[in-house]
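Below is one structure, written out as structure tokens, with a few remarks after it.
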Amino acid sequence: MTAFRSSTGAHPRSDPRERLMGGLLLGCTALAVASAAAVIGALGLETVRFFADVPLSRFLADLAWTPSAEEPGFGILPLLAGTAQIAWGATVMALPVALVLAVFLEFYAGKRTASVMNAAVAALSSVPAVVYGYFALNFVTPALKGVWPGLEAFNGISACLVVGLMILPTIVVLSREALGAVPRSVLRQAVALGATRERAVLRLALPAAWLGVLGSVVLAMTRAVGETMIVTLAAGNPTGVSWNPLEGVRTLTSFLAQASMGDLAPGSIEYGACFAVAAVLLLLTFGMHALGRALVSRGQADAPGGSRS
Amino acid sequence: MSARDEGTRTAGAEAVPVLSAEGLTVRFGERTALTDVSIEIPRGYTVSIIGPAGSGKTTLLRSFNRMNEVIPGSSQAGTIRFAGRNLHSAAMDPAEVRRRIGMVFEDAALFPGSVFDNLAFGLRARGEEGDLHGIAEAALQAAGLWSEGAEILETRAGDLSAEERRRMCIARTLALKPDVLLVDEPTSTLDPAAASRVESLIHALRDDYTIVFATCDHTQAGRLSDLTAYLDSGRLLEYGPTQTLFTNPRNPRTEFYLTGRLQ
């Protein structure tokens with residue numbers, strides 16, 4: 001029994017209820033670990049099989065991702081490029097608004113304003129992705145068409161805008177936490193040295209919190225990379241690579257969503273290709289998530305002190 | 001120190017006091033921190049504010065450089081004058097007030113970056129374009145942080161000891177060349193040896209500045225100040241020459257406090 005071993009002897013291990021509890025906890029933990037291992041194992045197995053048929057060099061160097069074509073292309077780069085476009089585009093749109101919101105909520109908003117705006121931000125994060133997707137396709141794209149008549153029905157810019165809206169709360173909440181970790185006494189003493197509050201916020205609080213803010217951006221981008229529904233619905237699924245935001249974009253996730261709707265024979269190359277893409281996606285989000293978390297916790301550890309005595 | 005010799009003069013009798021409060025009442029929301037406090041700080045004197053925890057010492061200090069108004073929910077009645085001018089008149093820029101009436105806080109809050117960055121912060125906020133290094137050096141020397149030479153400028157503020165942090169915060173304030181120095185608990189959170197060294201620093205600064213400091217340690221008030229104010233539950237119960245107040249307090253509560261018998 002490893003869980004909740006009592007060191008004080010107040011709850012002897014021989015107590016049957018203690019043992020039952022310990023067993024339950026251990027069981028739950030084992031279940032979670034086993035599930036994760038199963039997912040990674042299945043993914044890894046199919047990915048290895050795929051690479052037995054298709055050399056890694058083609059996966060990295062082919063300039064098209066068309067596994068079902070007559071002359072198939074197995075290059076991951078077009079999908080990575082599409083994912084990068086959506087993730088960067090969404091971040092570029094969300095970041096300025098999110099940062100201003102975070103600063104305003106943390107340092108300027110009165111209690112009532114802050115609680116209303118917090119509720120609004122929380123509401124944004126509770127909207128299901130599929131609703132965002134329809135919003136992008138049926139509202140944002142038609143609205144943008146008024147600005148650019150040449151806009152395609154499926155396009156990158158609409159997806160970027162709406163994915164940006166979706167990741168906004170992540171940046172706001174986590175950046176605000178990072179800003180909140182800057183001791184109030186630092187700002188107060190800056191004001192006491194004749195600085196305006198704006199100067200104290202811009203020159204002291206933001207630089208002091210920048211690691212945490214950066215972490216929040218990386219975590220938000222992780223969400224954008226993994227985002228599927230919005231991109232599938234709004235950005236289409238073109239096979240070509242385009243850097244024009246007015247045209248469609250295909251990402252790792254939207255390819256997978258599309259492929260999973262067709263009939264793929266288990267064991268076929270197309271089938272294996274999906275697992276290879278999924279493995280890349282997993283590595284990418286896993287790595288970015290770890291980086292984002294590390295930045296956030298590093299930022300907390302580095303938060304400049306008033307003397308903490 | 002004949003100018004401060006308490007026997008030859010009564011406080012603030014001849015000249016306009018550098019700071020004065022008249023009927024000062026400060027509230028934070030529902031809580032009243034100071035009630036009807038009137039006090040005069042004569043130029044060149046060192047004044048201590050003593051009293052039990054929560055008696056309003058810090059609030060009184062902060063009202064002298066308009067730092068209470070940055071706290072949400074604070075309100076104030078009464079008049080504070082700086083060299084005869086109303087501190088809250090429209091012509092008074094609060095930032096300028098805070099530069100001329102500098103404050104050293106109880107906790108040494110560090111700004112990101114080096115010691116130089118910390119000292120330059122207030123200077124840059126003022127729009128100072130002159131020799132920032134020269135000003136920083138003079139301030140660090142005055143605060144006793146220059147013994148190791150110029151390398152202190154590039155030291156990360158976070159790498160300083162508690163005593164050095166306190167000295168840096170004092171230097172940060174001195175760099176702005178204030179007329180008055182407000183110091184809240186000059187030596188709290190320092191070990192006894194460091195506390196006594198920082199106290200010597202404050203003692204040395206008495207020659208150049210009017211100093212008002214708050215302290216829980218009334219023996220420190222006795223060692224450092226010319227005049228002592230005793231605050232109790234937000235009221236100024238007694239104010240006068242330190243010697244007199246300590247040896248012959250008029251108010252029984254002052255005596256209780258000084259002798260550790262206050263209930």
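We name chains A, B, ... by the order of the sequence lines, and we start the count at 1 in each one.
Within the 3.5 Å criterion, the main-chain N or O of A:Gly226 finds a donor-acceptor partner in the side chain of A:Thr228.
Side-chain atoms of A:Ser297 and A:Gln300 form no donor-acceptor pair, as typed in the model, at a separation below 3.5 Å. In this structure, a donor-acceptor pair under 3.5 Å is present between the side chains of B:Ser114 and B:Asp117.
A salt bridge is absent between A:Arg223 and A:Glu227: the closest approach of a Lys/Arg side-chain nitrogen to an acidic carboxylate oxygen does not fall below 4.0 angstrom.
Both the backbone and the side chain of B:Arg172 come within contact range of chain A, with heavy atoms under 4.5 Å apart.
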Which pairs of donor and acceptor atoms, one on a side chain in residues 279-287 of chain A, lie under 3.5 Å apart (sequence neighbours left out)?
residue, atom, partner, partner atom, Å
A:Thr285, OG1, A:Leu281, O, 3.0
A:Thr285, OG1, A:Leu282, O, 3.2

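Residues of residues 54-81 of chain B placed with any heavy atom under 4.5 Å of a heavy atom in chain A are listed by number as B:Arg62, B:Met67, B:Val70.
No other option in A:Arg184, A:Arg188, A:Arg197 has as many heavy-atom pairs under 4.5 Å with chain B as A:Arg188.
Screening residues 81-102 of chain A for salt bridge (Lys or Arg N to Asp or Glu O under 4.0 Å) gives no qualifying pairs among residues at least two apart or on separate chains. The list of salt bridge (Lys or Arg N to Asp or Glu O under 4.0 Å) pairs with a residue in residues 122-145 of chain B, not counting sequence neighbours, reads B:Arg126-B:Glu128.
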